[in-house]
Amino acid sequence: MPGAVVTTTFENYICDGRQIEGTRTNLAESTVDTLACSIQLENGKVTWEDGTVATRDAYWTITRVRSLQPINDLRIRTGYASGVTAEGVAYTSTITKPIVWKRGCQPARRVMIPVEGTRVLESENHSYSIDYGDGSCDNIVHITKDGQTKDV
């Protein structure tokens, strides 16, 4: 239902020796031919048994464009995240061009893969740009690190 909210707050939650904290809120924005949901993570934190900590805050919008044939559905993500890694490195991750996933690229596996869009990851040590392509199902990702590009 549009306007429906699901909030999960982790309290005293431990998984494989790691304490998980934070609040994740999902907000349904539409339910017709285009499904949209915003997801917000506030005060995300993982604490390992040795006291190492990583933090994360994020805001994403995920839109699913439905087709008459589900194999042609698209998933589109926008948003950003920031935090500090377990190694103490601050980072941001920003989607600068919406990331588009297609299911039709690998129909036998029934999975969606990213085929278009750009994400920029920045830390105090490095800057990365991940370009998923032009929408074709070529399985090629262009990664630029500190000015040098490599196709993967």
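Heavy-atom basis, side chains included; hydrogens, waters and symmetry copies ignored.
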Have [X] and [Y] got a donor and an acceptor in their side chains that come within less than 3.5 Å?
X      : Y      : value
Arg119 : Tyr80  : no
Ser136 : Asp134 : yes
Thr144 : Thr149 : yes

Measuring only between side-chain heavy atoms, which start at C-beta, is [X] closer than 4.5 Å to [Y]?
X      : Y      : result
Ile113 : Asn139 : yes
Ser82  : Arg56  : no
Thr55  : Asp57  : no
Leu41  : Thr23  : no
Ile99  : Ile76  : no
Gln19  : Val46  : no
Glu21  : Asn43  : no

### Full working for side-chain contact (heavy atoms from CB on, under 4.5 Å) between Arg66 and Leu35
CA-CA 8 Å; Arg66 298 189 330 188; Leu35 306 173; 3.8 Å; yes
Quick one: pull up [atom1] in [X] and [atom2] in [Y] and give me the separation to the nearest 0.5 Å.
X      : Y      : atom1 : atom2 : answer
Lys97  : Ile95  : NZ    : CD1   : 12.5 Å
Ile143 : Ser129 : CD1   : OG    : 9.5 Å
Glu87  : Asn125 : CD    : CG    : 10.5 Å
Thr61  : Gln40  : OG1   : CD    : 10.0 Å
Met112 : Arg75  : CE    : CZ    : 5.0 Å
Ile62  : Asn26  : CD1   : CG    : 8.5 Å

### Task
Test side-chain contact (heavy atoms from CB on, under 4.5 Å) on Ser38 and Glu29 and set out the steps.
CA-CA 7 Å; Ser38 61; Glu29 297 177 2; 3.2 Å; yes
### Query
Hey, mind stepping through Lys145 and His126 against side-chain contact (heavy atoms from CB on, under 4.5 Å) and telling me if it holds?
CA-CA 7 Å; Lys145 177 184 176 190; His126 299 286; 3.4 Å; yes
Indicate, with yes or no, if [Y] and [X] share a hydrophobic cluster defined by side-chain heavy-atom contacts under 4.5 Å among Ile, Leu, Val, Met, Phe, Trp and Tyr.
X      : Y      : answer
Val152 : Tyr128 : yes
Trp101 : Ile130 : yes
Val100 : Val65  : yes
Val141 : Val120 : no

Looking at [X] and [Y], what are the two nearest heavy atoms and their distance?
X      : Y      : answer
Ile20  : Phe10  : O-CB, 3.4 Å
Trp60  : Gly79  : CZ3-C, 3.4 Å
Asn72  : Ser67  : CB-OG, 3.5 Å
Trp48  : Val53  : CZ3-C, 4.1 Å
Val115 : Cys105 : CG1-SG, 3.6 Å
Arg103 : Pro70  : NH1-O, 3.4 Å

### Query
Between Thr94 (side chain) and Thr96 (backbone), is there a donor-acceptor pair under 3.5 Å?
no
### Message
Closer than 3.5 angstrom, by distance alone: can the side chain of Asp146 be matched with the main-chain N or O of Ser127 as a donor-acceptor pair?
### Response
yes
### Task
Could you tell me whether Glu116 and Lys102 have a side-chain N and a carboxylate O separated by less than 4.0 Å?
no
Would you say [X] has more than 12 foreign heavy atoms packed within less than 6.0 Å of its [atom1]?
X      : atom1 : answer
Gln148 : CD    : no
Asn12  : CG    : no
Arg77  : CZ    : yes

